[in-house]
Amino acid sequence: MKDQLKKLIEQSLLDLIASGALPEIDLPEIQIERTKDKAHGDFACNIAMMLARTAKMNPRQIATHIVEVVANADFITKVDIAGPGFINFTLSADSAQQIVKDVLAAGNQFGQSKIGAGKRAQVEFVSANPTGPLHVGHGRGAAYGSVVSSLLSEIGFDVHREYYVNDAGRQMDILATSVWLRYLTACGEQFTFPSNAYKGDYVLDIAAALKNDLGDELSRASLEVFANVPDDEPQGGDKELHIDALIVNAKALLGEAEYRNVFDLGLNSIIAGIKEDLMDFGADYDEWFSERSLMESGDVDKAIEQLKASNVLYEKDGAWWFKSTDYGDEKDRVVVRDNGQTTYFASDIAYHLNKFNRGFDTIIDVWGSDHHGYIPRVKASLTAMGKDQEKLKVLLVQFAVLYRGAEKIAMSTRSGQFVTLKELREEIGKDAARFFYVMRGADQHMDFDLELAKSQSNDNPVYYVQYAHARVCSVFRQLAERGLSWDAKQGEANLNCLTEDHELALFTALSRYSEIIETAALNYTPHILAHYLIDLARDFHTYYNAHHFIVDDIELSQARLTLISAVKQVIENGLGVIGVSAPESM
RNA sequence: GCGCCUGUAGCUCAGUUGGAUAGAGUACCAGUUUCCGAAACUGGGGGUCACAGGUUCGAUUCCUGUCAGGCGCACCA
């Protein structure tokens, strides 16, 4: 509809210039927007004001000319000029009703478009280190990433959802060592558990499984384990040096193969849990991409060689540095440490190179906002390797600060104090949790009060939207109970019976849906879809309270049933994109 | 100190990319059910859009500065 209006105005302007009513000027992009106030009609255009300056004419005068030419278009009943020079359009009844037929004809495909047809997008999200279960902090990224993916899919993109598994590096060594030390305790060894090791109960579970499988086979005397290990922090030492020395001893005492077994047991068990949590939370993936595979396949080394060949690496203090300052970063970054190990950044360079080489048109990284300082160096590396860094969109998700009542909950994976995603889902449900997360803009800091979400779960907006859907279903159940039925064809033929303000408002609301999907997808802003659904539900509830649908006037009744059927369809589609169920009764 | 994000009703947040009289929810107050589900609806009060300048027909929106909060500034991941 916007496009039709745009073309109409464009043509009228060309006509006016040709006839000399307007001077020869360049035409700007014509903007059509929906009116905030229905007293202003359905759509408004500000073109007269935009042209006022270049045409050196009064905006209202320009508008008058445009209106004269445009007024006789068949899908418009009224055009008028308002305020400083807005041109307001009111749609004809036929053209407003059409949306109901469109919704029902398209069914669960309504809202889809082909904007992204033929294009491939990759969305990487969550990608939490597999050192422990997902907690509520990851929930926002999971909800956001999965809805962004669905939105892109709705507008025609071929979407590839991916989780980057950081299964290499020091943090994972700490986890493996934590598991082993708990196992040693289970075998009867006595020592103080390191302050910097992972202390969560899940580590105990993994250690218990290890003990169950292998008995005391991997047990070593604590004197050996702690040989030449410097004091831990509580004893006046350095917690980092303490844990690093323990890792070295663990590898030496167990040997490479056994150490790897312990490592993999911890890794696999945690990844399995993460996969399960995400699936239960409605975040599905096409691929789990392993960092270790990138190192073992030599891709990391190849990426480093490529950078060396491009002359953007240099050696200093025994390490290899990437000259990211040449590409706008604050400082240069190490890719190979003086001990010969590649850094996480090196893996990430190789990973992004791999993504680009897979031929995606758009590559999206959903990161926690604490990683924002990381963006310049990743983009720098891509530019240095001759890639178009504009293809990479890094979407930052701000933290959700957890409260229990007025009390802020401090969370730390290391200390084992956190509310897991699973607990959240069990407490308030997947639907409420997802909707709640997605309702706020991603760049908005968010207060998540667990008690509020739990105690007021009936007031949660998600129920408001779901209830609208259930209410429509209930009307149709009632219809059947009365021995009546809905005839869609008859309803569609009588849509012009629908002249109440509430009905006209619903026509408008329904017709906004496709625009909302498009805008939300292109701007990566799922929250506008959530808000739209609340608005649509409100329009429906208001209508419900003001009018009856099952009435004696059979034509009117069929028309109303047809309208609410379309509302039901759109709510179902919208909730589906967000990953929330649309129950038939609640 | 530097960089990124944020600042809108008592509280939680929208604000269609610069438009018309800044909106919802919640909380508070007053109402609505012999009638398709009251998890709903109707009405009411509540604002220096953090502050100060600038850009223009027009600024909550864009620019600059100040103040306040969050996050980040590793040879960790």
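Residue numbers start from 1 in every chain, and the chains themselves are labelled A, B, ... in the order their sequence lines are given, proteins ahead of strands.
Looking at heavy-atom distances under 4.0 Å, A:F476 makes no contact with the nucleic acid at all. Residue contacts for A:G441: at a heavy-atom cut-off of 4.0 Å it reaches the sugar-phosphate backbone alone, with no base atom in range. As judged by a 4.0 angstrom heavy-atom cut-off over every strand, A:A44 is placed among the base-contacting residues. Counting any heavy atom pair closer than 4.0 Å across all strands shown, A:S347 reaches no nucleic acid atom. Contact annotation for A:M446: backbone-only contact, meaning every heavy-atom pair under 4.0 Å involves sugar-phosphate atoms and none involves a base. Residue-level contact check: A:A546 touches neither bases nor backbone, having no heavy atom under 4.0 Å from any strand.
Remark: the separation of the P atoms in B:G18 and B:U12 is 27 Å, to the nearest Å.
Ranking B:A77, B:A20, B:A14 by closeness to the A:H371 side chain, first place goes to B:A77. Here the nucleotide nearest the side chain of A:E33, chosen from B:U17, B:A40, B:C36, is B:U17. Taking the side chain of A:R440 as heavy atoms from C-beta on, and the options B:C36, B:U6, B:U12, the nearest nucleotide is B:U12. Closest approach to the A:R482 side chain among B:A77, B:C36, B:A14 is made by B:C36 (side chain taken as heavy atoms from C-beta onward). Counting only heavy atoms from C-beta on, A:H372 has its side chain closest to B:C4 among B:C4, B:G19, B:C76. Nearest nucleotide to the A:H541 side chain, out of B:A77, B:A40, B:C75: B:A40. For A:N46, taking side-chain heavy atoms from C-beta onward, the closest of the listed nucleotides B:A77, B:C71, B:G19 is B:G19. For A:H548, the side-chain atoms get nearest to B:C36 when compared with the rest of B:A77, B:C36, B:A39. Each of B:C75, B:C13, B:G19 was ranked by its minimum atom distance to the side chain of A:D338; first place goes to B:C75. Each of B:C36, B:A38, B:G19 was ranked by its minimum atom distance to the side chain of A:M50; first place goes to B:G19.
Under the stacking criterion of a centre-to-centre distance below 5.5 angstrom and an interplanar angle below 30°, A:H40 sits stacked against the six-membered ring of B:A20. Taking a centre distance below 5.5 Å and an interplanar angle below 30 degrees as the stacking criterion, A:F86 stacks against the six-membered base ring of B:A20.
One finds a side-chain N or O of A:R471 lying less than 4.0 angstrom from the OP1 or OP2 phosphate oxygen of B:A38. Between A:Q444 and B:A14 there is a side-chain N or O to OP1 or OP2 distance below 4.0 Å. Here A:R337 reaches the OP1 or OP2 of B:C76: one of its side-chain N or O atoms lies under 4.0 Å away. When the side-chain nitrogen and oxygen atoms of A:K36 are compared with OP1 and OP2 of B:A20, one or more of them lie within a distance under 4.0 Å. Remark: A:T542 is in phosphate contact with B:U42, judged by side-chain N or O atoms under 4.0 Å from OP1 or OP2. In terms of phosphate contacts, A:Y464 brings a side-chain nitrogen or oxygen within less than 4.0 Å of OP1 or OP2 of B:C41.
Atom CG in A:D348 sits roughly 13 Å away from atom C1' in B:C76 (whole-Å rounding). The distance between atom CG of A:D535 and atom C1' of B:A24, rounded to the nearest whole Å, is 8 Å. Atom CZ in A:R140 sits roughly 15 Å away from atom P in B:C5 (whole-Å rounding). Protein atom CD of A:E481 is 12 Å distant from nucleotide atom C1' of B:G37, rounded to whole Å. Atom-to-atom, CZ of A:R333 to C1' of B:G72 comes out at 10 Å; the value is rounded to the nearest Å. A:D539 has its CG atom 12 Å from the C1' atom of B:A24, to the nearest Å. Following rounding to the nearest Å, A:L175 (CG) and B:C76 (C1') show an atom-to-atom distance of 15 Å. Residue A:Y544 contributes atom OH, which lies 17 Å from atom C1' of B:U42 at whole-angstrom precision.
Note: A:H541 and A:Y467 meet the aromatic proximity criterion, with ring centroids under 6.0 Å apart. A centroid separation of less than 6.0 Å is found between the aromatic rings of A:F549 and A:Y543.
The existence of a salt bridge linking A:E33 and A:K2 is excluded, since no basic side-chain nitrogen approaches an acidic carboxylate oxygen closer than 4.0 Å. Comment: A:D244 engages A:R170 in a salt bridge, judged by a side-chain N to carboxylate O separation of less than 4.0 angstrom. Checked for salt-bridge contact, A:R292 and A:D264 meet the test: a charged N lies under 4.0 Å from a carboxylate O.
Positionally, the nearest nucleotide of RNA chain B for A:N88 lies more toward the 5' end than for the other of A:N88 and A:A470. Looking at which nucleotide of RNA chain B each of A:N523 and A:Q478 is closest to, the 5′-most match is held by A:N523.
Checked against side-chain contact (heavy atoms from CB on, under 4.5 Å), A:R440 has the following partners two or more places apart in sequence or in another chain: A:R140, A:M446.
Taking CZ of A:F322 as the reference point, atom CD1 of A:I304 lies at 12.0 Å (rounded to 0.5 Å).
The cationic atom of A:R512 (NZ for Lys, CZ for Arg) does not lie both less than 6.0 Å from the six-membered ring centre of A:Y532 and within 45° of the ring axis.
Base orientation of B:U60: anti (glycosidic angle beyond 90° from 0).
Here the closest heavy-atom approach between residue A:Y144 and residue A:V438 is recorded as N-CG2, 4.4 Å.
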For RNA chain B, please output the secondary structure as dot-bracket, reading 5' to 3'. Pairs are Watson-Crick or G-U wobble, both atom distances under 3.5 Å; mark crossing pairs with [ ], other-strand partners with |, unpaired with a dot.
(((((((..((((.....[...)))).(((((.......))))).....(((((..]....))))))))))))....
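For B:A77, its base never sits under 3.5 Å from the side chain of A:N166 at any donor and acceptor pair. Side-chain N/O atoms of A:H445 and base N/O atoms of B:G69 include a donor-acceptor pair closer than 3.5 Å.
Neither side chain, A:D80 nor A:H40, offers a donor N or O lying under 3.5 Å from an acceptor on the other.
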